[in-house]
Structure formats: structure tokens, C-alpha cells
Amino acid sequence: MMDDAFDLTEDYTPPPPPVGMDPPWLTGLNPEQRQAVTITEGPLLVLSGAGTGKTRVLTTRLTHIIASRLAQPWRVLAVTFTNRAAREMRERVSGLIGPAADAVWLGTFHALALRMLRKHADKVGLQSGFSILDSDDQNRVLKALMEEAGVDVKKWPVVMVMGVIQRWKDRGWTPDQVPGQETGGEIAGGRLLELYRAYQARLLALNACDFGDLLLHVLVILRDHVEVLAAYQDQFRYILVDEYQDTNTAQYLWLRLLARGHRNICCVGDDDQSIYSWRGAEVGNILRFEHDFPGAQVVRLERNYRSTPTILGAASALIRNNTGRLGKDLRAAGATEDGDPIRVYGVWDGPAEARHVVEQMESLHRRGERLASMAVLVRAGFQTREFEERLITTGTPYRMVGGLRFYERQEIRDAMAYLRLIEQPADDLAFERIINLPKRGLGDAALQTIHLSSRALGCPLLQAARSVLETDELKPKPRAALRGFVEAIDEWAALREQMDPSELAATVLDGSGYLEMWKKDKSPEAPGRVENLQEFIRGLEDYDSLMDFLEHVSLVMENDSKAESGDAVTLMTLHAAKGLEFDTVFLPGWEEEVFPNRRALDEGGVSALEEERRLAYVGLTRARKRVFITHASQRRIFRDWVMCVPSRFIGEVPEEFKEEDSDVGLMGGGRGQREPWSSWDGAGADSGWGQRKQAFREKEGLTWQVAARDSAGGFSVGDRVFHQKFGHGRVCAVDGNKLEVDFDKAGRKKVIDSFVSAEP
DNA sequence: ACCATTCTTCTTTTT
DNA sequence: GAAGAATGGT
């Protein structure tokens, strides 16, 4: 390959050379990290445990390749899993080698694939200005197709069907490549493949693609066009992949194609942190690496610089319960003291948990810990709510990562639809969204006419609308309205040339009356929406073209608008926390059914349990100094109160690393051995842990404790009951949890039993 | 066409 | 316990 004056491979196998010979960027690396950076030729797998300096290795490796002139920046492909990781890497590398870093092909799989797809869109039947649909749009399209095909959407939820299609895409299967035995069986009446085909056709007609298509289309292009593949293979001399354990098959195939020539591919990952199998990630990719890339070298990074020995001990013990690991043991490299034990604390219910956690935070804060050094990591998004409420009432600043995303808000999506339609007239989804927004008197009837015309002419809705205007299919009033709308779109499209995106957006939102609509709106959330729209216009200032902006929005689903300002606690899901670290980590909701999550277990069985355990491992290893685990003995789920059993994962943390306690008044507070929340033996006798759960209903307000006592939900005919809204009455029929009650004042009503209480 | 009300179903994790 | 869908009234 290259004539490398700087090929350090030979010289730098341990023991390392004298420090004097080091390029500056290699100083301070431990021997394994040094190998991971300097073995540049041939396939290399870096198994990098949590906190072992993975990011540092990646950025240094990139720097090493470029600064040693092994390749020019644009000949390096560096793939990350999240936008955050990409940004961070670019910043760090820029700091080391300056503006040259900008030329590196660095980004997420999706961003990089998009870059390729824009260039070769025509080869898969797209035009270069194509839109990227978000999941909402995807479901809308699929739903329409399912209804058209007469598939019962009630029986086969759109999201489920979409899920299967996506998993097919994750494996790199176009409709023609779905294997005969994998066609989804009974799902959607056995017509899944047909729907997939129709969906793809529909997307092409919309000149749009979804997230999975970004990779799938590029795969098709690389497979079918040898010259394109050859050009990319020649361009990318070095390939770096972050979070390799989370790549799916499509991504793997993409990488393998690109790396096939020189095979200078370096994948960094940790099988113990694979937490995205539900999204099609194949842990197998990392386990198979040496097989797929013969002659691959493997470097293990096991020196952990992040956490205390206690935390590492706990995390290692926990993860050892998983089978089929590559095997890797973290050793503490930094701290000399064991550090605080893991604090396991039992509380009564959700609100008590939030109170307890926030109290701990405040106490740490008083002792001088920054709020920004603390994080609450939850299993599922909805769990953040109780904490938010508590943090708001105590006035503790916090920041939510990943929660409600700016670009998913209704008003922002509407505004985007205007811009999308201007940029891309074939975008029917955008058209439908805004045709009558604000109200223009163009309702179902008008839309139907346009649809009909669209189908007859085989053209997009916007164009069909134009042809409808030439006829008298519409009554004069809607016709005038439609003409106004179409002409406005044309006008704005023409303005696109002379205005920058931000100005254009302002003009559009103003001219269309959309902004006005919210300003006039009396609802309590309207002012916020107006504000968001103004923020939206401001945000556009950073972009040169509309397309750049739309692309950014499609790919960067993080809310980077709220940058880290001030000292605040972080609230996020365990998934979102991957790659981050905090001094203090709070892990609430460690109960069976919640974590490990029941739905996950229902679907994936043993392998799902192992993934849940890896998630627990990720959570523990985010902490530098302290971990607080909490579990509640009951929790409100939907409208029921559910008894909770402490998570088996608590039992998997050896006693020597943890200290258990619970609220006063809870049985077995302290160190009792037989209490379910102090040590529940996960490996114990019964596998039917789900049976330990008992549900009982809340009886409205304060009376629920009474209900809890007799724990029955049932009323019988003749019982006198009380209802908040209808007052007193007598039960005259019972059907499951539905009651028919003769109310003294309100008459006979059907009510759910949880809304009435026994009359005192 | 539009609005208001009730009914329903759902909460794993996200590029 | 919210947000969407479906229904019914103006």
C-alpha cells in the first residue's frame, strides 16, 4: 500500500519506544491504547470496555492517520453511532490537527449514507432533492396502503407492520431479497411482503425515503454499480467504526463492501454494551469479526479510568451472569480507594422515590457537588415524569435529554411541511398536512377531488391541484382558496433563489397565515407555539440552503437547541446515556417488570434478559464515584396500582459492593434477609416471577388505601357507591370492571369501577 | 366544514 | 391520564 515512513506497527509493539520518539499525540496512552492507535494496516478489532478511553483512542487514531500522512483527510471514513459522538470527535480532532479535520468523512451511518445517496439518487429512482420521512410520516404512508389493501389496521397495528419492514431493511433486504421463509407469516394476513413492495413504490412516487432506506439504497447502488463501489473503495483508505456492537446487518454489509480492497478497517466496540438489538443491531457482528476479516488483530482495552473499584466490581459481577460474552474484565486503573458502596434503597412508591432521589441530590449539592455531575438514568421515557415534577417543585435545575424533541412538535412539523413542499413539490405528505392549515375552507371534499385527479394523472398532489383549477370540479369558493394556496407556494418557491432560508421561512409562516393562526389562538399552549416558531426561524439562520436545513432536521433528532447552560441535573434514558459519564448516577425503578422490562422479556426471552442486563451494566458503569439504586414496593401503572418486586439485578450485585436500606415504615427496613426488597433471589426456585405481581385498583383519591386493604376490585349488584361526578347511587349491573349504576341524581350510567368507591 | 365531546388505547429503548 | 380517533351536533 503506502510507503509508510511512519508505520509504527513494528516499532511500537510493546514495550513502547522511548518517549522522545513519540509524536506528541501518542503521549499518555497506555500500551493497549497505543496499539489500538498505531496498528493502522489490516483489520483491527478494539474491544473496549466502559471507561477505558475509547473516545480518546478513536480521536487519536484519526489524528495519527492524518498527521502521519498515511492518508489525506478525505480518504478517511469515520462512522459513529450518534450525532453527539460525531460532533465530539470532530471537535477533538479539530483541536489536534486544525481545519483539516473538516474534510474527514465523519458522521453517523445515516448521515454518511445520505451523503452518498444524494450523489447517486438517480440510480435507485430518486431525484436528488428527495425528502427524508420521519417515523410519523412513515406510519401515515403505510397506514394508507394498508387501508387500501383492506388489511385490518386494528388487528395488525401499523407500527407493528412498520417494525417488521424496518427489520427487513436493517438486514439489507429489498422486497426482492426477503427470503421465502421470512415473509412474516400471518402478519397482516400474510400480505406483508406485498405491503413492503407497495410502500417502497409509494416512497419513490413521493420522491422520499425513510431512515432505513438511506442505507438500503446505498447498498443497492454499491452492489449494482461496480464503478461507484470502486470509486469509494479507492477513496477510503482507512475506515473507523465506533460502537461496532450496535451495527445492524445492513451497516455491516455496507462497511464490508467499502473495506473489501485495502481491509484497513478498525472497529471499536464492547459486546457488553450492546443495547440496540431491538433496532436490528447484531451483536454477532462483533463476535464474528475475526471470522469475517481473516487475519484481524484484536486489542483489548480493560483498564478503566472512570469508576471506583466498587462500581467496577458490582458491574462486572452483574454482567458475568450473561453467556456468550467475548470475555473482558475491567480493572480499575485510576482510583486507589474502593469508594462508596452502591446504595440500594427501597421506597413506598413512585413519588416517594422521586423525593428520595432529589433529597440525595440536594444533600450532595450542599456538600459541594455540582448538579451537572449527577444524572438520573431510567429504563423508559415515561419514568422521567415523576422526577421532573419533583425537580420542578423543589426548584432544582435539570435538563432532559431526548425527551420531547423540538422538531417533533406539531407546530414545527407544520412549518417544516411548508418548507418541504416548497423544496420538493412531490411531497404529498407535506401537501396534505398544510393544505387546510390554517383553515382555508379546503376540507375532505376538496382533498378528495385533488386525490382523484392525482391518481388519474399519476402526478403529485400539488400538480394535480393545478389541473383541478383548470376545471370546474370544485365550487367557486374552494377553487379560489386552492388557487391562492398553489400560487403562494409557487411564489415562495421562486423566492427561494433570492432569500436565505430564515427569511424565506419568516415570509412563508407570515404570508400563509400560519403564525397568525397561533397568535390568535386562545388555548394555553398557543403562546409557547408562537415562541417555538420564532425559535425555528432563528434556527434556520445557521443554514445556507433549505435542503441543508431539512437534512439536518431529519438526521439530527437530538434537541441541541438547549445547550448546556448552567449547573443542572441530567435526566435521561439508559439508552441515551451510553458514552456519557457522571460522578453520581441514580438508577431508579429497579423492579421486575420495569427493569428488566416485561415487554422486552415477553418478546425476546433469554436474549432479551441479557440485553436488559447489559443495559443495567451500562447504567452502573456511567458512574465515576457513586451509584444510587432505588426500587418502589408499589407503582401506579396506567390506572392500577401494582405491587413491585425488586429487580433480580439488585440480587446480582454482590453484598460486598452494596448497602441496602429502605424507608421507615416499610417492612424489613435495613438488613433483613428474607424481605423481598432486601434480597430477592433471582436465580431461585420459581421462574414464574411474574406471578408475584398483584394488581389492585385505585378507588379514587383518598379512599384507595381502603381498596388496597381488601385488595378486591369487585362490587356487586345492590352495593351503594359514590362517584366524584355523579354522586351517590346503587349498582344495578356488573360486567367485569364496568358497572351500571343508578345514580340518585344523575340517573343510570355505565362507569368503570375504579371511578366509584364504596359508600361509607 | 368545523367543533366539541366521548371513547380508546397505549408507554421500551432511537438513528 | 394523554393523545388520538371516532362520533355527533351545529
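These figures come from a predicted structure and were not determined experimentally. Below, chain A is the first sequence line, B the second, and so on; all start at residue 1.
As a whole-Å value, the separation of A/D210 CG from B/dT14 C1' is 14 Å. Following rounding to the nearest Å, A/N139 (CG) and C/dA5 (P) show an atom-to-atom distance of 11 Å. With rounding to whole Å, A/N597 atom CG is found 12 Å from B/dT14 atom P. Put simply, CE on A/M160 is 14 Å from P on B/dT12, counting in whole angstrom units. Separating the CG atom of A/N248 from the C1' atom of B/dT15 is a distance of 10 Å, rounded to the nearest angstrom. Summarising the geometry, the separation between CH2 on A/W156 and C1' on B/dT9 is reported as 18 Å, rounded to the nearest angstrom. Residue A/M572 contributes atom CE, which lies 17 Å from atom C1' of B/dT12 at whole-angstrom precision. In this entry the distance linking CG of A/L133 with C1' of B/dT14 reads 17 Å, nearest Å.
The nearest heavy atom of DNA chain B to A/H575 and to A/G441 marks one nucleotide each, and the one closer to the 5' end goes with A/G441. Each of A/A600 and A/F109 has a nearest nucleotide on DNA chain B; the 5'-most of these lies closest to A/A600.
The side chain of A/K143 lies closest to C/dA5 when the candidates are C/dA5, B/dT11, B/dT12. Listed nucleotides: B/dT12, B/dT14, B/dC2. Nearest to the side chain of A/K439: B/dC2. Here B/dT15 is the nucleotide among B/dT12, B/dT14, B/dT15 with the atom lying nearest to any side-chain atom of A/H110. When each of B/dC2, B/dT15, B/dT14 is scored by its nearest atom to the side-chain atoms of A/T82, the top-ranked nucleotide is B/dT15. Out of B/dT15, B/dT13, B/dT11, the shortest distance to the side chain of A/A380 is found at B/dT13.
Within 3.5 Å, no donor on the side chain of A/R599 pairs with an acceptor on the base of B/dT11, nor the reverse.
Across all strands shown, A/A446 has heavy atoms under 4.0 Å from sugar-phosphate atoms exclusively, and none from any base. Across all strands shown, A/G212 has no heavy atoms under 4.0 Å from either base or sugar-phosphate atoms. Among the atoms of the strands shown, only primed sugar atoms or phosphate atoms (P, OP1, OP2) are found under 4.0 Å from some heavy atom of A/R385. Note on A/Y276: only backbone sugar-phosphate atoms sit closer than 4.0 angstrom, heavy atoms only; bases stay farther off. Among the protein residues, A/A445 comes within range of the sugar-phosphate backbone only, with heavy atoms under 4.0 Å from sugar or phosphate atoms but none that close to a base.
Searching all strands for a Watson-Crick or G-U wobble partner of B/dT11 with both distances below 3.5 Å returns nothing.
Looking at A/E243 and A/K54, a side-chain N of the basic residue comes within less than 4.0 Å of a carboxylate O on the acidic one, giving a salt bridge.
A/W278 has its ring centre less than 6.0 Å from the ring centre of A/Y276. Residues A/F81 and A/F109 place their aromatic rings such that the two centres sit no closer than 6.0 Å.
Checking the phosphate oxygens (OP1, OP2) of B/dT12, no side-chain nitrogen or oxygen of A/T573 falls inside 4.0 Å.
Relative to the six-membered ring of A/Y398, A/R390 misses at least one condition, a distance below 6.0 Å or an angle of at most 45° to the axis.
Between A/W278 and B/dT13, a base-stacking contact is recorded: ring centres under 5.5 Å apart, planes less than 30° from parallel.
Crowding of A/Q410 atom CD: a count of heavy atoms from other residues, nucleotides or ligands under 6.0 Å exceeding 12.
Taking the side chain as every heavy atom from C-beta outward, A/H631 and A/C644 never approach each other to under 4.5 Å.
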